Amino acid sequence: MEGCYDVTIIGGGPAGLFSAFYSGLRNVKTKIIEYQPKLGGKVLLYPDKLIWDVGGQPPVIGETFAKQIVEQGMTFNPTVCTNTKVDFIEKVENHFCITTSKGDKHYSKTIIMACGGGIINPKRLELKEARKYEQKNLHYTVSSIKQFANKVVLISGGGDAAIDWAVGLLPIAKKIMVVYRKEQLSAHEAYVVKVQQSDASILYNTTIKGFIENCDDQTIKKVVLQNTKTGEIHDQEVDHVIVSHGYNLEDSFKWAQNIALDKQDDYFFKGNAFGCTSEQGIFAAGDILSYQGKINLLAGAFHDAVNAVNSVKRYLEPNSNQVAMVSSHNDAFEERNASIMKNMFKEV
Ligand SMILES: Cc1cc2nc3c(=O)[nH]c(=O)nc-3n(C[C@H](O)[C@H](O)[C@H](O)COP(=O)(O)OP(=O)(O)OC[C@H]3O[C@@H](n4cnc5c(N)ncnc54)[C@H](O)[C@@H]3O)c2cc1C
C-alpha cells in the first residue's frame, strides 16, 4: 500500500527517538508522530537540570541532552509529524490505520507506542489576560535560567517543581518570592527547609488575582495577590513570574482499548522485555511499557527501544536476525564513518 510505513512510532521522546535511530539502523521505513511542537519528550520539562545517570554520558543539562537525542533520532531521516495528536488506531486487514485529532490518516504495518505517560501540558492560570504574557515574562516551563539573573522572580506553587525552581534560582535571582494557596508547602522536606532558611519570602494562603502591565513593553509589571483567608489584596512588583501548578495529563490511550493494561495502575501497557504488547503488530518502549524488571529511566527507555525495534523487524521479516550488528561493525554507517574519519585526520 502506498504511503504505508514499516513502523510508526507514537511519541517523540527518548524512547521514540532511539527507536527511530535503531529502526533506521535495521533498514525499517519509519515515521514518528509527536503531539508537541518539539521532539524530546519529558526531557523538555527539565531543560536546566543536570542528568547524571545515563551510561557513558557525562553530566549534561536536559536541553543539551534533548538536542542530542533528537540529532541521533534523525540519523536515518525518518518522517516526522509534530503538532500531531494520535486519537485512534485500528487494524485494517494487514496494516494499521492511525487517525489523528485533525482527522488525518497514517498507515503503518507496525506501531511502536512510545507515548510515555501521555500528553503533558502545564496547568495554566485561569486568568484571561495571562495568555498574552506567556511569550514575555510569564513562564510555565523554564527554558533558560539566565534570564532570571539579578531579577525579582515570583513563583506560584508549593509542590516539588515550584520549590525546586525556587532553590535553583536562589543563587542567581535578586529576590525570590513563593506564593502558595495552601498553608504549607507540599514539596520534598529537604527542599522546603532550604527555601524556608533562605531569604526568599513565602506567602501562604495566597493566589494570583491579576496583573498590572508595564505600558512600555506590555510585560507584567506587578502581580496582584489575594490572601484567600482574609480576602486582602495587594500588589507586588516583579521582573518574572513562574507558574508551577503541576500538569494536566491527557490520557492518550482511550483508543488503545484492545491493548492489555498493567492491572496495578490500569494505565501503562502490560508487555514483555521484547517490547511486545497484547496486540500483534503493536509494540511499546519507554515509560508506557510495563514488565517485570522494567527500568523507568532514560537508560531503560533506550534499552526498550532496541528490543521493540528488533521485534518489529522480526514481525516484518521473520527470517531476519534477532538483533542487529553492533554499530562499530555495521554497514549502515560506512559512508558516515568514512566522512567522520576524513575530518578527524584533517584536524590532526
Ligand atoms: C522532572 C523529571 C526529571 C527526570 N530526571 C531523570 C534523570 O535524571 N534521569 C533519568 O534517567 N530519567 C529522568 N526522568 C525520567 C525520564 O525523563 C523518562 O523516563 C523518559 O523521558 C521516558 O521517555 P519516553 O520516551 O518513554 O516518554 P516521554 O519522555 O514522556 O515522551 C513521550 C512523548 O509521547 C508524546 N505523546 C503522548 N501521547 C501522544 C499522542 N496521543 N500522540 C502523539 N504524541 C503523543 C508526548 O507528547 C511525549 O513527547 C525524569 C523525569 C522527570 C519528569
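Quick note: numbers below take in every heavy atom, side chains included, and nothing from hydrogens, waters or symmetry partners. Predicted model only: the values in this text are computed from it and were never measured. Order of listing sets the numbers, starting from 1, for every ligand and every atom in it.
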Would you tell me which option among K42, Q57, K38 has the nearest heavy-atom contact to atom 53 (C) of ligand 1?
K42

So which of P37, P14, G41, G300 gets nearest to atom 21 (O) of ligand 1, if we judge by its closest heavy atom?
P14

Interfacing atoms of ligand 1 (cut-off 4.0 Å, heavy-atom, T84):
42 (N), 43 (C)

Short N or O distance, G286 and ligand 1, threshold 3.5 Å exclusive
no

Per-atom contacts, ligand 1 versus D53 - under 4.0 Å to a heavy atom:
7 (C), 8 (O), 9 (N), 10 (C), 11 (O)

Determine, for K174 against D239, whether the closest basic-nitrogen to carboxylate-oxygen distance falls under 4.0 angstrom.
no

Can an N or O of I288 be found at a distance shorter than 3.5 Å from an N or O of ligand 1?
no

Residues two or more places apart in sequence or in another chain: which of them pass ring pair (Phe, Tyr, Trp, His ring centres under 6.0 Å) with Y107?
H95

Anything under 30° is parallel, anything over 60° is perpendicular, the rest tilted; go ahead and classify Y191 against H188.
perpendicular

Report yes or no: does L45 have a heavy atom closer than 4.0 Å to ligand 1?
no

Which ligand 1 atoms does K85 reach within 4.0 Å, using its non-hydrogen atoms?
42 (N)

What residue pairs, at least two apart or across chains, pass side chain to side chain donor-acceptor pair (under 3.5 Å) with a residue in residues 288-300?
D262-S290, D287-N296, Y291-D304, K294-D304

Considering only NZ, NE, NH1 and NH2 on the basic side and carboxylate oxygens on the acidic side, decide whether K313 and E317 come within less than 4.0 Å.
yes

Min over S101, A114, G16, A284 of heavy-atom distance to atom 32 (C) of ligand 1 lands on A114

Counting heavy atoms only, which of I98, L298, N83 is nearest atom 11 (O) of ligand 1?
L298

Steps toward side chain to side chain donor-acceptor pair (under 3.5 Å) verdict (K175, S201)
CA-CA 8 Å; K175 180 163 178 56; S201 38; 3.2 Å; yes

What about M74 and L25, same hydrophobic cluster or not, with Ile/Leu/Val/Met/Phe/Trp/Tyr joined at side-chain heavy-atom distances under 4.5 Å?
yes

Which atoms from ligand 1 have a heavy atom of Q36 less than 4.0 Å away?
47 (O)

Between E279 and K91, is there a salt bridge with N-O shorter than 4.0 Å?
no

Distance under 6.0 Å and angle within 45° of ring axis: K136 vs Y133:
no

Polar-atom distance check: Y46 versus ligand 1, any N or O pair below 3.5 Å?
yes

Need the ligand 1 atom indices (1-based, order shown) with element for anything under 4.0 Å from a heavy-atom of G11.
33 (C), 34 (O), 35 (C)

